[in-house]
Amino acid sequence: MKVLLIGAGNMGLTYAEGMAKSSLLNRRNLMIFDKSADIITSLSKLDHFDVYDDIEECLPNADVVFLAVKPYHCESLFEEIRPMVNNEQIFVSLMAGVTLSKIQEGLGVKKVVRSMPNLPAQVGKGVTSYTESEEVTRVELLMVRNLLDTTGESIHVETENFIDASTGISGSGPAYVFYFMQSMLEAALKMGFSKNDSKVLVSQTFEGAVKLFNESDLSPETWMERVASKGGTTRAALDSMEDNNVKELIKDAAYAAFDRAVELGKE
């Protein structure tokens with residue numbers, strides 16, 4: 001199996017490095033293409049994969065092709081590579097809002113997997129939702145899932161609607177967490193903690209809370225009840241959030257991202 005990643009931006013390079021570190025592929029079976037001379041020069045210094053600046057030299061040899069360009073570049077990319085592709089190749093899209101049918105029509109191919117990764121993939125803690133066109137076989141889909149799992153975990157969804165929905169939860173979700181963290185950091189600084197101590201307090205609190213959640217069957221609500229005693233400090237904080245409708249605002253934010261993902265697919 002030979003894998004090609006088109007686009008060496010943050011996400012494309014993340015998946016390339018994840019695959020390079022796995023036991024799925026050897027160096028000669030992993031290729032990466034980019035048009036930037038600076039990126040090509042930088043990547044050529046690494047020994048993780050074969051680097052190309054000429055798409056004709058690598059695309060025809062690939063069994064699986066990851067499309068990791070910005071969504072607004074997809075049409076020009078399709079026009080450029082369409083003459084070089086074939087129906088035996090599997091195309092895996094990392095492009096937000098670009099539908100299966102648009103990729104099939106743009107490239108004139110049948111086997112397409114659409115995925116939605118997220119930023120923590122850069123540290124091997126990503127989660128990627130994915131779905132496929134009906135022409136992709138179960139064996140091929142398993143192969144793609146193994147490749148996606150090199151950056152964390154993946155979940156298979158039945159329809160593209162869930163790809164857009166996962167954009168609102170996991171795709172954009174890290175930004176919600178960072179937003180909450182930034183607010184707590186600013187509060188800690190205002191209380192007089194140093195910048196370093198504030199970072200430790202906030203980051204360890206998040207990491208510890210996630211670990212507790214992952215290592216038990218308890219719901220977030222149950223954990224909140226365990227932390228918050230009647231008339232105590234935590235209850236005062238939670239009551240303040242409820243009074244300010246924070247929970248509903250977070251839900252609204254997730255739906256705003258979901259709705260925008262749907263809009264992108266129609267544009």
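Values reported hereafter were calculated over all heavy atoms of this structure, with side chains retained and with hydrogens, waters and symmetry mates removed.
Surrounding CZ of F206 are more than 12 heavy atoms belonging to other residues, nucleotides or ligands, all under 6.0 Å away. At most 12 heavy atoms of other shown residues, nucleotides or ligands fall within 6.0 angstrom of atom CD in E153. Open room surrounds CD on E75; 12 or fewer heavy atoms of other groups in view lie less than 6.0 Å from it. By the neighbour-count criterion of 12 heavy atoms within 6.0 Å, atom CD of E263 is densely surrounded, having more than that number from other residues, nucleotides or ligands.
No path of Ile, Leu, Val, Met, Phe, Trp and Tyr side chains, each step under 4.5 Å between heavy atoms, connects V157 with V127, placing them in separate hydrophobic clusters. Under the 4.5 Å side-chain heavy-atom criterion for grouping Ile, Leu, Val, Met, Phe, Trp and Tyr, V92 is connected to Y130 within one hydrophobic cluster. In terms of hydrophobic clustering, with Ile, Leu, Val, Met, Phe, Trp and Tyr side chains grouped at heavy-atom distances under 4.5 Å, Y255 and V262 are assigned to a common cluster. The hydrophobic cluster containing V177 also contains L119, counting ILVMFWY residues as joined when their side-chain heavy atoms lie under 4.5 angstrom apart, directly or transitively. Taken together through direct or relayed side-chain contacts under 4.5 Å among Ile, Leu, Val, Met, Phe, Trp and Tyr, M1 and V113 form part of one hydrophobic cluster.
With contacts defined as side-chain heavy-atom distances shorter than 4.5 Å, the pair L218/L212 does not qualify. Two residues are said to be in side-chain contact when any heavy atoms from C-beta on lie closer than 4.5 Å; L13 and I32 meet this criterion. Within the 4.5 Å cutoff, the side chain of Q89 has heavy atoms near those of the N86 side chain. Contact of the V202 side chain with the T205 side chain is not registered, since no non-hydrogen atoms from C-beta on lie closer than 4.5 Å. Contact of the Q182 side chain with the F178 side chain is not registered, since no non-hydrogen atoms from C-beta on lie closer than 4.5 Å. At least one side-chain heavy atom of T150 sits under 4.5 Å from a side-chain heavy atom of L24. When side chains are defined from C-beta on, E132 does not count as touching E140, because their heavy atoms never get closer than 4.5 Å. A heavy-atom distance below 4.5 Å is not found between the side chains of M143 and D63.
The two residues Q104 and S133 come nearest to each other via the heavy atoms NE2-CB, 3.4 Å. Shortest non-hydrogen contact noted between E160 and T99 is OE1-CA, 3.3 Å. When every heavy atom of R82 is checked against every heavy atom of G108, the shortest pair comes out as NH1-N, 3.6 Å. In this structure, P174 and N118 approach most closely via the heavy-atom pair CG-ND2, 4.0 Å.
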Scan the side chains in residues 161-171 for donor-acceptor partners under 3.5 Å anywhere in the protein, sequence neighbours excluded, and list what turns up.
residue: D164; atom: OD1; partner: R114; partner atom: NH2; Å: 3.0
residue: S166; atom: OG; partner: S129; partner atom: OG; Å: 2.6
residue: S166; atom: OG; partner: F162; partner atom: O; Å: 3.2
residue: S166; atom: OG; partner: I163; partner atom: O; Å: 2.8
residue: T167; atom: OG1; partner: I163; partner atom: O; Å: 3.0
residue: S170; atom: OG; partner: S166; partner atom: O; Å: 3.0

Could you pull out all donor-acceptor pairs under 3.5 Å where a side-chain atom in residues 225-249 meets a protein atom, sequence neighbours excluded?
residue: N244; atom: ND2; partner: S240; partner atom: O; Å: 2.7
residue: E248; atom: OE2; partner: K251; partner atom: NZ; Å: 3.3

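Between the CE atom of M116 and the OG atom of S172 there is a distance of 7.5 Å, given to the nearest 0.5 Å. Annotation: the span from L94 atom CG to M11 atom CE amounts to 7.5 Å, rounded to 0.5 Å. Note that OG of S219 is 8.0 Å distant from CZ of F213, once rounded to the nearest 0.5 Å. Between atom CG of residue N10 and atom CD of residue Q122 there is a gap of 5.5 Å, rounded to the nearest 0.5 Å. With rounding to the nearest 0.5 Å, the separation of OG1 in T41 from NZ in K45 is 7.5 Å. Interatomic distance, E88 CD to K111 NZ, rounded to the nearest 0.5 Å: 4.5 Å.
Scored by the side-chain contact (heavy atoms from CB on, under 4.5 Å) test, N61 finds K2 as partners (sequence neighbours excluded).
The hydrophobic cluster around Y176 extends to none of the other residues, as no ILVMFWY side-chain heavy atom falls under 4.5 Å of it. Through chains of ILVMFWY side-chain contacts below 4.5 Å, M31 is grouped with L4, I6, F33, Y52, I55, L59, V65, L67, V69, L77, F78, I81, M84, V85, F91, M95, V98, L100, I103, L107, V109, V112. Grouped by direct or indirect side-chain proximity (heavy atoms under 4.5 Å, Ile/Leu/Val/Met/Phe/Trp/Tyr only), M191 sits with F193, L201.
Side-chain polar atoms of Y15 and S115 form no donor-acceptor pair below 3.5 angstrom.
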Step-by-step side chain to side chain contact (heavy atoms under 4.5 Å, CB included) determination, L5 to L30: CA-CA 8 Å; L5 290 106; L30 182 57; 3.7 Å; yes

Using the side chain to side chain contact (heavy atoms under 4.5 Å, CB included) rule, take L43 and D34 through it: C-alpha gap first, then chi angles, then the decisive distance, then the call. CA-CA 10 Å; L43 294 181; D34 200 276; 5.5 Å; no

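Panel note: side chain S42, backbone I39; no donor-acceptor pair is recorded below 3.5 Å. Checked by atom type and distance alone, the side chain of S154 never pairs as donor or acceptor with a backbone atom of T128 at under 3.5 Å.
Here the rule is side chain to side chain contact (heavy atoms under 4.5 Å, CB included) with V144, and of N146, L142, L148 only L148 fits it.
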